[in-house]
A.B. asks: 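Sharing a structure with you now.
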Amino acid sequence: MRSSYVAVLDIRSSDITAVVGDRGVNSTFIIKSKYTAKYDGYAEGDLLDLDSFKNAVANVISRTLASNKGLKSIYIGVPGEFLRLINHDEILSFESVKRITPQDEKELRQMATPVPDDRWVEIRHGCLYYVLSDKRKVINPIGSTGDSLQGRFCFYMCSRAFIACVQEAFKPFPQLTDIRLIPSVHAEAMYLIEPEKRDEVAVLFDLGYISSSYSVICGNGLLYTSSFSVGIGHIAFFVSEALEIPFEVASTFITTVNLNARENYASEEECMYEGKLYQVSTTDICDKIRDGLDFICSSINECSDSFRGANISGKPINITGEGVKVIRGAADHIASRLEKGIEIVAPKVPYYDKPQYSSTFSLLNMALDDARAVKAK
């Protein structure tokens with residue numbers, strides 16, 4: 001296998017995807033293999049069924065190994081439900097004005113590193129920005145001069161319980177000797193949001209199937225992130241319960257209606273399921289979908305209200321995830337309810353330029369960067 005290829009496992013709340021890829025031209029990717037398997041997902045910080053998770057991992061990994069001989073390492077995306085973000089400011093003072101070195105940067109980070117915890121382990125860190133003694137903010141302080149260096153760091157802590165589940169799922173694959181963890185919310189923020197927007201603070205909302213994540217981004221890290229167990233799947237369940245129809249039928253109906261379409265109170269949606277024809281008023285379906293989206297909007301508002309950092313009231317919400325395109329008009333409804341601008345973001349990759357691929361290609365992008373950095377050492 002080409003040495004520059006990397007393998008990534010993207011764990012979403014309804015499916016798991018394994019992809020092996022490399023850099024292409026013009027910020028694209030070369031995909032060697034890609035496999036996806038459904039499973040029961042996760043909610044409230046726990047996998048809903050460990051066996052379902054293990055079976056899905058075994059499905060995609062065995063197929064990946066079969067088509068990529070010699071693969072020994074893999075990068076695993078850690079969902080927001082299993083992450084804890086710690087932000088910390090620290091300042092390092094010097095005896096006199098000097099040129100800042102990589103060792104100074106390393107010492108400052110070590111000063112800010114959180115104390116080890118029985119429940120959480122650090123899997124990645126970043127610095128949102130550095131502040132020089134003349135109060136200038138910079139992303140890279142190396143080579144600058146001053147008598148002090150201040151940094152705003154973020155540390156991504158992963159649940160040890162989740163790591164144990166991953167280790168259990170990978171027991172059948174001893175050939176994978178190098179398993180590395182990447183926080184998915186961080187990967188998405190760095191890949192989907194342009195540096196210029198991150199410098200000014202940006203908001204990213206990942207609308208998933210069972211779980212969604214809300215993040216405030218600044219510089220090279222996150223100021224805030226929160227995941228909650230509400231997604232597009234809950235809207236299908238709500239429609240199913242409210243209209244007394246099977247979940248599978250409700251899941252079909254939410255994809256056929258258009259919330260932006262002109263109301264026709266006589267129109268109906270039809271679906272054949274297990275030999276029975278279901279006919280439901282389009283208006284009733286749209287009303288219930290709007291109710292479900294309103295609940296998601298209230299969760300977004302709770303996240304926004306709980307953030308105690310920079311002023312984000314006027315910031316548009318960048319929205320991504322597999323739930324974005326399921327319901328036509330969903331983004332417009334969310335924008336109306338929140339009274340905010342909504343920008344749909346997705347990978348700028350041919351054939352994969354859709355929000356449902358955002359986490360996979362964000363992880364692949366970060367894994368390739370990490371692998372290149374390791375080789376450069």
Side-chain angles (χ1 to χ4, degrees), residues 1-24 28-42 47-79 81-82 162-163 165-184 187-188 191 206 208-211 231-233 251 320-326 346-347 349-371:
M1 188 175 77
R2 182 172 164 178
S3 60
S4 55
Y5 277 108
V6 298
V8 165
L9 190 71
D10 181 18
I11 302 171
R12 299 291 293 179
S13 58
S14 62
D15 56 47
I16 295 175
T17 297
V19 61
V20 176
D22 192 7
R23 294 281 183 204
T28 60
F29 299 93
I30 301 170
I31 304 301
K32 189 170 188 290
S33 66
K34 180 177 174 291
Y35 304 106
T36 299
K38 295 287 185 180
Y39 78 118
D40 287 350
Y42 50 80
L47 293 168
L48 296 177
D49 187 297
L50 180 57
D51 287 337
S52 173
F53 173 73
K54 289 164 59 177
N55 290 338
V57 170
N59 184 331
V60 297
I61 294 300
S62 58
R63 295 166 71 186
T64 299
L65 291 174
S67 58
N68 298 276
K69 304 297 184 182
L71 183 65
K72 294 182 179 179
S73 65
I74 188 167
Y75 292 82
I76 300 175
V78 180
E81 291 258 5
F82 306 100
F162 176 75
I163 293 175
C165 292
V166 169
Q167 292 171 337
E168 182 70 20
F170 274 83
K171 279 184 179 180
F173 308 103
Q175 60 269 58
L176 292 173
T177 56
D178 184 17
I179 297 177
R180 305 186 182 191
L181 303 177
I182 296 176
S184 293
E188 285 191 331
Y191 177 63
D206 184 326
Y209 189 76
I210 298 176
S211 177
I232 210 72
S251 297
T320 195
E322 64 267 37
V324 176
K325 294 292 188 177
V326 172
V349 180
Y351 307 111
Y352 295 104
D353 54 347
K354 299 175 179 62
Q356 60 262 39
Y357 299 118
S358 287
S359 59
T360 298
F361 282 88
S362 295
L363 291 167
L364 180 59
N365 178 72
M366 185 160 282
L368 286 164
D369 283 348
D370 283 7

A.B. asks: Could you give the distance from NZ (Lys38) to OG (Ser52), rounded to the nearest 0.5 Å?
C.D. replies: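 Rounded to the nearest 0.5 Å, the NZ-OG separation comes out at 11.5 Å.
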A.B. asks: Looking at Ser4 and Leu368, what are the two nearest heavy atoms and their distance?
C.D. replies: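 What the structure gives for the nearest pair is O-CD2, 3.6 Å.
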A.B. asks: Please tell me if the side chains of Asp178 and Lys72 come closer than 4.5 Å, counting only heavy atoms from C-beta onward.
C.D. replies: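 No, side chains not in contact.
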A.B. asks: Once rounded to the nearest 0.5 Å, what's the spacing between atom CG of Leu176 and atom CG of Leu65?
C.D. replies: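 Going from CG on Leu176 over to CG on Leu65, the span is 5.0 Å.
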A.B. asks: Quick one: pull up OG1 in Thr28 and CG in Asp353 and give me the separation to the nearest 0.5 Å.
C.D. replies: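 Separation between the atoms: 12.0 Å.
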A.B. asks: Could you pull out the closest heavy-atom pair between Asp206 and Gly321, with the gap in Å?
C.D. replies: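 For Asp206 versus Gly321, the nearest heavy atoms are OD1-CA, 3.5 Å.
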A.B. asks: Considering only heavy atoms from C-beta outward, does the side chain of Asp370 approach that of Arg180 to under 4.5 Å?
C.D. replies: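 No, too far: nothing below the 4.5 Å cut-off.
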A.B. asks: Would you say that Asp369 contacts Arg23 through its side chain, given a criterion of any heavy-atom pair below 4.5 Å between the two side chains?
C.D. replies: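 The answer is yes, as the side chains (C-beta and beyond) meet within the 4.5 Å cut-off.
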A.B. asks: Short question: side chain of Lys32, backbone of Ser67 - any donor-acceptor pair under 3.5 Å?
C.D. replies: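 Confirmed, Lys32 side chain pairs with Ser67 backbone.
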A.B. asks: Roughly how far apart are Asp40 CG and Ile210 CD1, rounded to 0.5 Å?
C.D. replies: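 One finds 7.5 Å between CG of Asp40 and CD1 of Ile210.
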A.B. asks: State, yes or no, whether a side-chain contact exists between Val60 and Thr17 at a heavy-atom distance under 4.5 Å.
C.D. replies: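 The answer is no, as the side chains (C-beta and beyond) never meet within the 4.5 Å cut-off.
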A.B. asks: Which atoms form the tightest heavy-atom contact between Pro172 and Ala169, and what is the distance?
C.D. replies: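 So the minimum-distance heavy-atom pair works out to CD-O, 3.3 Å.
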A.B. asks: Check the pair Phe53, Ile11 against side chain to side chain contact (heavy atoms under 4.5 Å, CB included), reporting the backbone distance first and the verdict last.
C.D. replies: CA-CA 9 Å; Phe53 173 73; Ile11 302 171; 4.0 Å; yes
A.B. asks: Can you check whether Lys54 reaches Leu47 side chain to side chain, under 4.5 Å on heavy atoms?
C.D. replies: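 Answer no - side chains too far apart.
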A.B. asks: Say you draw a straight line from OH of Tyr351 to OH of Tyr357; how long is it, rounded to the nearest 0.5 Å?
C.D. replies: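 Going from OH on Tyr351 over to OH on Tyr357, the span is 12.5 Å.
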A.B. asks: Of all heavy-atom pairs between Ala367 and Val8, which one has the smallest distance, and what is that distance?
C.D. replies: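 Distance-wise, the nearest heavy atoms are CB-CG2, 3.7 Å.
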A.B. asks: Among Ser359, Ser184, Ser358, which one satisfies side-chain hydrogen bond (donor to acceptor under 3.5 Å, both in side chains) with Asp10?
C.D. replies: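 Going through the options one by one, the only one that passes is Ser359.
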A.B. asks: A side-chain contact here means heavy atoms from C-beta on lying under 4.5 Å apart; do Tyr5 and Ile30 qualify?
C.D. replies: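 Yes - at least one pair of side-chain heavy atoms lies under 4.5 Å apart.
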A.B. asks: Which pair of non-hydrogen atoms, one from Ile182 and one from Tyr75, has the smallest distance, and what is that distance?
C.D. replies: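 Scanning both residues, the minimum pair turns out to be CD1-CD2, 3.7 Å.
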A.B. asks: Are Lys354 and Lys325 close enough, and set up right, to give a side chain to side chain contact (heavy atoms under 4.5 Å, CB included), and what steps lead you there?
C.D. replies: CA-CA 8 Å; Lys354 299 175 179 62; Lys325 294 292 188 177; 5.8 Å; no
A.B. asks: Below 4.5 Å, heavy atoms only, C-beta onward: do Tyr39 and Leu48 meet side chain to side chain?
C.D. replies: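 No, side chains not in contact.
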A.B. asks: Using the six-membered ring wherever Trp is involved, compare the ring planes of Phe170 and Phe173 and label them parallel, tilted or perpendicular (cut-offs 30° and 60°).
C.D. replies: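 Perpendicular, since the angle between the ring planes exceeds 60°.
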A.B. asks: With side chain to side chain contact (heavy atoms under 4.5 Å, CB included) as the criterion, how do Tyr42 and Phe82 come out once you've worked through the C-alpha distance, each side chain's angles and the decisive distance to 0.1 Å?
C.D. replies: CA-CA 10 Å; Tyr42 50 80; Phe82 306 100; 3.7 Å; yes
A.B. asks: Taking the inter-plane angle between the rings of Phe361 and Phe29 on a 0 to 90° scale, is it parallel (under 30°), tilted (30 to 60°) or perpendicular (over 60°)?
C.D. replies: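 Tilted.
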A.B. asks: Taking only residues two or more places apart in sequence or in another chain, which ones pass ring pair (Phe, Tyr, Trp, His ring centres under 6.0 Å) with Tyr35?
C.D. replies: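 Partners of Tyr35 by the ring pair (Phe, Tyr, Trp, His ring centres under 6.0 Å) criterion come out as none, since no residue qualifies.
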A.B. asks: Kindly indicate, with the supporting measurements, whether the criterion side chain to side chain contact (heavy atoms under 4.5 Å, CB included) is fulfilled by Ile61 and Ile74.
C.D. replies: CA-CA 10 Å; Ile61 294 300; Ile74 188 167; 3.6 Å; yes
A.B. asks: Please find the pair of heavy atoms, one from Tyr352 and one from Ile31, that lie closest to each other, and give the distance.
C.D. replies: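 That closest heavy-atom pairing would be CE1-CG1, 4.4 Å.
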A.B. asks: Considering only heavy atoms from C-beta outward, does the side chain of Val166 approach that of Val57 to under 4.5 Å?
C.D. replies: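 The answer is no; the side chains never approach within 4.5 Å.
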A.B. asks: Output the distance between atom CG (Asn365) and atom OG1 (Thr360), rounded to the nearest 0.5 Å.
C.D. replies: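 Between Asn365 CG and Thr360 OG1, I get 12.5 Å after rounding to 0.5 Å.
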